[in-house]
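I have placed the structure first, in the form of structure tokens, so that the comments after it can refer back to it.
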There are 2 protein chains.
Amino acid sequence: MALSRADVLAKALEILDTYGLADLTMRRLATALAVQPGALYWHYANKQELLAAVTDSILAEVPDPGPDAAWNDALPTWALSLRSVLLAHRDGAELTSSAVALSLGTLRPQEPLVRLLSSAGVPPADAEAIAETALHLTLGLALDEQSRAQAVALGVIGGDAPDDQDRLALGIDLVARGVSARFGI
Amino acid sequence: MALSRADVLAKALEILDTYGLADLTMRRLATALAVQPGALYWHYANKQELLAAVTDSILAEVPDPGPDAAWNDALPTWALSLRSVLLAHRDGAELTSSAVALSLGTLRPQEPLVRLLSSAGVPPADAEAIAETALHLTLGLALDEQSRAQAVALGVIGGDAPDDQDRLALGIDLVARGVSARFGI
DNA sequence: ACCTGAACACCGTTCAAGT
DNA sequence: ACCTGAACACCGTTCAAGT
């Protein structure tokens, strides 16, 4: 049976989870699919496009707060579940950070937050900036955390990890307090 | 004359600024130094170590607020000058983000902030978390901004950029307000 | 429509041997 | 001490040709 885009995506995610981003090469993926490297380029224009698809499928796991949630409730919940999703995939934070930065694919996981903030009366441009703040904060901390975990696993550094979930919660709390103070909501 | 570590570093920075991170390869660097690729490994153990050195030299450009600055003054100043420094080097944000995340080298540019916050009465662990929040926020926005600028330059997307300096200023302001509210300073 | 075969133009890193 | 020569084990991507 012929390969589908979905088959390629599924196998790419499998390689990512099992061996990590460094081992997710087009050649390795092709081998895992029992196909020649060139075959992948019929399904995806290039590696970036494939990585964008993998990232999208990871970000789709983050639960949407829905349109009726309270912004100050949804903000920490969203950030913490984004963190969990990123940590659930090997190199999830690294992959997502670069994909989001390079604006590959859809990849606007902060969109629900923007809507909630706007509904709460924050001007659109500010809502956008606030949601981005929360996103970068979460991505950055997850990136630190995941690479530290990797360094510990490799025995490069010792494992006296600060509690990163608390750290993220604190950062998000500061932002939320700032939003309340600045926009009076 | 024999190559020094400093010579290699200087040429690496030159290639970065002129051609970008993708072109900063050990082989290209060796060629630019009129030397065989293997020669570089006498001066730097590997590419990561070299990139850490490059990042350190970039981050050294960020002015230190000094121990007597007011935290709420130093916070936005520091963030904005970090942003300027990152944007002043081609792919500066990308390089720094990954170097900071991978904990290469010294690379704790947020250290002055941690000290200022501690002096102002914030508990050390919280001061650390706050400074990291500011760092990730700045890195994340600079990364977005720089990759967007690159996409515009390549003609991939149109150039209706939001003002990123204002965006960073807003995010930092939210964090500062949050710190005031939460720690009563 | 979908894939193979084969090539092009690269990488980072190692290491014996030279000076 | 510092570097060369040469290799090892890879990359992403392209594209004529096959089925």
Side-chain angles (χ1 to χ4, degrees), chain A residues 1-16 18-55 90-91 94-95 98-99 101-105 147 150-151 154 156, chain B residues 1-16 18-55 90-91 94-95 98-99 101-105 147 150-151 154 156:
Chain A
M1 241 305 273
L3 226 53
S4 70
R5 257 178 91 92
D7 292 333
V8 177
L9 175 57
K11 187 62 83 179
L13 195 51
E14 189 185 320
I15 291 181
L16 179 72
T18 315
Y19 304 103
L21 191 56
D23 284 328
L24 179 47
T25 69
M26 297 302 266
R27 286 171 177 275
R28 219 162 179 300
L29 179 56
T31 304
L33 289 166
V35 105
Q36 296 298 312
L40 300 177
Y41 291 84
W42 201 91
H43 299 280
Y44 289 90
N46 48 49
K47 190 177 180 181
Q48 276 209 346
E49 191 181 300
L50 173 63
L51 291 181
V54 173
T55 308
R90 174 100 97 115
D91 298 327
E94 187 183 347
L95 173 64
S98 50
L102 302 178
S103 306
L104 310 171
S147 54
Q150 207 167 307
L154 292 173
V156 184
Chain B
M1 239 306 272
L3 226 51
S4 71
R5 254 179 92 92
D7 292 334
V8 177
L9 174 57
K11 187 63 84 179
L13 195 52
E14 189 185 319
I15 292 181
L16 179 72
T18 315
Y19 305 103
L21 191 55
D23 283 328
L24 180 45
T25 68
M26 298 301 266
R27 287 170 176 274
R28 218 163 181 300
L29 179 55
T31 303
L33 290 165
V35 106
Q36 296 297 314
L40 301 177
Y41 291 83
W42 200 90
H43 299 280
Y44 290 91
N46 49 48
K47 189 177 179 179
Q48 277 209 344
E49 192 181 300
L50 173 63
L51 291 181
V54 173
T55 308
R90 173 100 96 115
D91 298 326
E94 187 182 347
L95 173 64
S98 50
L102 303 178
S103 308
L104 310 172
S147 55
Q150 206 167 308
L154 292 173
V156 184

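Quick caveat, the model's predicted, so the values are computed rather than measured.
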N/O (side chain, His43(B)) to phosphate O (OP1/OP2, dA1(D)) under 4.0 Å: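 For dA1(D), neither OP1 nor OP2 has a side-chain N or O of His43(B) closer than 4.0 Å.
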Distance below 4.0 Å between Gln36(A) side-chain N/O and dG5(C) OP1 or OP2: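 For Gln36(A), the contact criterion (side-chain N or O under 4.0 Å from OP1 or OP2 of dG5(C)) is met.
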dA9(C) to dA9(D) separation - P atoms, rounded to the nearest Å: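 Roughly 24 Å separates the two P atoms.
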side-chain contact (heavy atoms from CB on, under 4.5 Å), paired with Leu29(B), selected from Val35(B), Leu40(B), Asp23(B), Leu16(B):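 Exactly one option meets the side-chain contact (heavy atoms from CB on, under 4.5 Å) with Leu29(B), and it is Leu40(B).
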Where protein sits on nucleotides 8-19 of chain C, one letter per nucleotide: B base, S sugar-phosphate only, - none, heavy atoms under 4.0 Å: ---BBBBB----
Counter-base of dT4(D), judged by Watson-Crick or G-U geometry with both distances under 3.5 Å: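 Its partner is dA16(C) (Watson-Crick or G-U wobble, both distances under 3.5 Å).
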For dC11(D), the Watson-Crick or wobble partner whose two distances fall under 3.5 Å: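 Across all strands, not a single nucleotide pairs with dC11(D).
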Can you measure from [atom1] ([X]) to [atom2] ([Y]) and round to the nearest 0.5 angstrom?
X        : Y        : atom1 : atom2 : answer
Glu14(A) : Leu9(A)  : CD    : CG    : 11.5 Å
His43(B) : Leu3(B)  : NE2   : CG    : 4.5 Å
Ile15(A) : Leu24(A) : CD1   : CG    : 6.0 Å

d(CG, Leu40(A); P, dG5(C)) in whole Å: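 It works out to 15 Å between those atoms.
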Minimum-distance pair of heavy atoms, taken over all atoms of Asp7(B) and Leu33(B):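 Reported closest heavy-atom pair: O-CD2, 4.2 Å.
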Chi angles and distances behind the side-chain contact (heavy atoms from CB on, under 4.5 Å) call for Leu50(A), Met26(A): CA-CA 9 Å; Leu50(A) 173 63; Met26(A) 297 302 266; 4.0 Å; yes
